[in-house]
Amino acid sequence: MSQEIMKLDMFVHGEWRAGSTGDVVEVMNPAKDEVLATVPDGGAEDLDAAMASAAEGLKVWRATHPRTRAQVIAKMAATLQERAQEYAELYSLNSGGSIGTGLWTMYDVAGRRFEYYAGLADKVRGDTFVTPGEFLSYTLREPVGITGHIIPWNGPLWIGSRTIAPALAAGNSVVVKPSSEAPVTLLKFAEMAVECGLPPGVLNVVTGRGSGMGDLFTRHEALDGIYFTGSTWTGRKILANTATTNVRTVMELGGKSPNIVFADADMEAALDGAIMAIFANSGQICVAGSRLLVQASIHDEFVERLAAKAAEITIGGPEANALMGPLITSAQREKVLEYIASGKEEADLVTGGGVPDDPALQKGYFVAPTIFDGVPNTARIAREEIFGPVLSVTSFEDFDEAITLANDTEYGLASAVWTGDVATAHNAAQALEAGQVYINHYYTAAFETSRSPYKASGHGMSEGPDAIYEYLNQKAVSVKLGEGEGW
Ligand code: NDP
């Protein structure tokens, strides 16, 4: 039976606000190819209202005692965790991930991030420097102002919390433009934040397509900073827009991450890691390990066992709690199938290579787990981000060749190394050009650790204590104390 369509508005100044254009975007349930919700396809008038609200919100929030800010953000974290089931279900319906993934991302990722940055809200401090008899200098750290956040569809709250939580902790107001493909959880979260005591105007959510509302958003003069997570292609367009507004930017962009398996690795662990790295969430994860580099001496056995494991992968809609769900849109499925067709011309198909046979999976946007072997690093499937369940396998002879292949990419988001030798692991960690290196595991990087992407994967600090400085301006104050020379 089809679900009733949710009719959602934007969330501005603590209230639901209908769009000024009268147009709506249909938000799909990707597992069923059915309309799940509609949201306004907003325009300039809606954006101006959200920015005016954020200016009001900023006045109140930056003047709020950091301890009170911490308490409100902590309440948002606890409430999200209490209501994790409800948010996980909404996430699954809209983004196609399993309920299990939804629960983990609401409780342990988004909830935990708000909790973490609540703890930092009252710990922002500056430095002092005294030259006796001459000068006293000190630094003041102040909120950047109105911060604009653009979020991709694959983890609206899971990814959104990464920039929204530190922005709020630092005393900024926030305007979010979620993906028009997955705006539901962020809209509901903004309403919940007000119920937790966040003053109206501090967190606003506007909706609309990236090409319309998104483009207007990134050119809006009221913004003091843009915090973007999405593809490198869109990131470049946004950076071009900021050339005239000159705002601060943090860019978390695409990836084509190498996953390197040396012959001395624990093979069973590396096999399971390689499966999770590319097939979890159907490969729709920015740091997905989409390029598997395997040492030649174990290559044949590794690929054979990998293909056997891929054949065991469960695929299904959210209710199936499977490892692989649907892709987000039918257009994305077409794009992935095109990459598979190009892979068939440039490499050897090992398994998968199309839509799964199961009749129950014909309606949603499903693609079978696909592995290509013998992939030259020049092949399209080795160079471009596919954002789907397609793995390229390439073999290497020795350490130097592994690192050369791994770094031969425009991206630098993440990487992984599997080895039994501690020196190989740490030498690789130093040689890899990526913002994250996982050693003998994949994905479970502690988000308490700050990092920035390398190369075309973006710039700016994310996660952990250092990320909060992306949301603070730093002012140097110097006071003349006496007759000294100063310099
Ligand atoms: P897109 O770049 O297509 O979209 C990201 C966001 O940008 C969406 O909200 C989109 O809106 C908006 N947008 C699109 N065009 C414009 C524009 N011209 N101006 C302003 N905003 C615009 O990425 P996807 O949503 O498809 O997400 C997948 C991508 O995100 C992958 O490349 C992935 O690697 C990357 N990503 C990176 C992460 C990281 O931490 N580095 C984490 C997660 C994903 P709309 O959807 O309405 O078009």
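Both ligands and their constituent atoms are indexed starting at 1 by order of listing.
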Show, in sequence, the C-alpha distance, side-chain angles and deciding distance for Met10 and Val39, and conclude whether the side chain to side chain contact (heavy atoms under 4.5 Å, CB included) test is met. CA-CA 7 Å; Met10 302 190 217; Val39 293; over 6 Å; no
Once you restrict to heavy atoms under 4.0 Å, what part of [X] touches ligand 1? Side chain, backbone, both or neither.
X	value
Asn241	neither
Gln284	neither
Val287	neither

Do Arg113 and Phe447 meet the cation-pi criteria used here (NZ or CZ under 6.0 Å from the six-membered ring centre, within 45° of the axis)? yes
Do NZ/NE/NH1/NH2 and the carboxylate oxygens of [X] and [Y] come within less than 4.0 Å?
X	Y	value
Asp408	Arg383	yes
Lys335	Glu338	no
Glu433	Lys455	yes
Arg236	Glu410	yes
Glu191	Lys188	no

Rounded to the nearest 0.5 Å, what's the gap from [atom1] on [X] to [atom2] on [Y]? Could you check?
X	Y	atom1	atom2	value
Met6	Thr38	CE	OG1	9.5 Å
Ser231	Phe387	OG	CZ	9.0 Å
Thr351	Ile371	OG1	CD1	6.0 Å

Please indicate whether any nitrogen or oxygen in [X] is less than 3.5 Å from any nitrogen or oxygen in ligand 1.
X	answer
Lys237	no
Ser457	no
Pro152	no
Leu253	yes

Give the atoms of ligand 1, by number and element, whose distance to some non-hydrogen atom of [X] is under 4.0 Å.
X	value
Arg209	47 (O)
Leu413	41 (N)
Thr234	1 (P), 2 (O), 3 (O), 7 (O), 13 (N), 14 (C), 15 (N), 16 (C), 17 (C), 22 (C)
Pro178	9 (O)
Ser180	45 (P), 46 (O), 47 (O)
Lys177	9 (O), 11 (O), 45 (P), 47 (O)
Asp215	19 (N), 20 (C)
Ile159	42 (C), 43 (C)

Looking only at protein heavy atoms, identify the closest one to [atom] and say how far it is in Å.
atom	value
atom 40 (O) of ligand 1	Arg162 NH2, 2.5 Å
atom 42 (C) of ligand 1	Cys286 SG, 3.0 Å
atom 32 (O) of ligand 1	Glu385 OE1, 2.5 Å
atom 8 (C) of ligand 1	Ile151 O, 3.5 Å
atom 26 (O) of ligand 1	Trp153 NE1, 3.5 Å
atom 33 (C) of ligand 1	Phe387 CE1, 3.3 Å
atom 29 (C) of ligand 1	Ser231 N, 3.5 Å
atom 6 (C) of ligand 1	Ile150 CG2, 3.6 Å

Ser98 and Thr101: side-chain donor and acceptor closer than 3.5 Å? yes
Does the separation of the ring centres of Phe217 and His220 fall below 6.0 angstrom? no
If the test is side chain to side chain contact (heavy atoms under 4.5 Å, CB included), which one of Ile146, Thr163, Thr147, Asn204 qualifies with Val174? Thr147
Check the angle between the aromatic planes of His149 and Tyr471 and answer parallel, tilted or perpendicular using the 30° and 60° thresholds. parallel
For Phe189 and Phe114, take the angle between the two ring planes, folded into 0 to 90°, and tell me which bin it lands in: parallel under 30, tilted 30 to 60, perpendicular over 60. tilted
Nearest non-hydrogen atom to atom 21 (N) of ligand 1 belongs to which of Ser257, Gly148, Ser211, Gly214? Gly214
Identity of the nearest option to atom 5 (C) of ligand 1, non-hydrogen atoms only, from Thr229, Ile285, Asp41, Ile328: Thr229
Quick one: does Phe217 get a heavy atom under 4.0 Å from ligand 1? no
Taking the non-hydrogen atoms of Gly208, is any one of them nearer than 4.0 angstrom to ligand 1? yes
Counting only heavy atoms from other residues, nucleotides and ligands, does the tally under 6.0 Å from CD of Glu319 exceed 12? yes
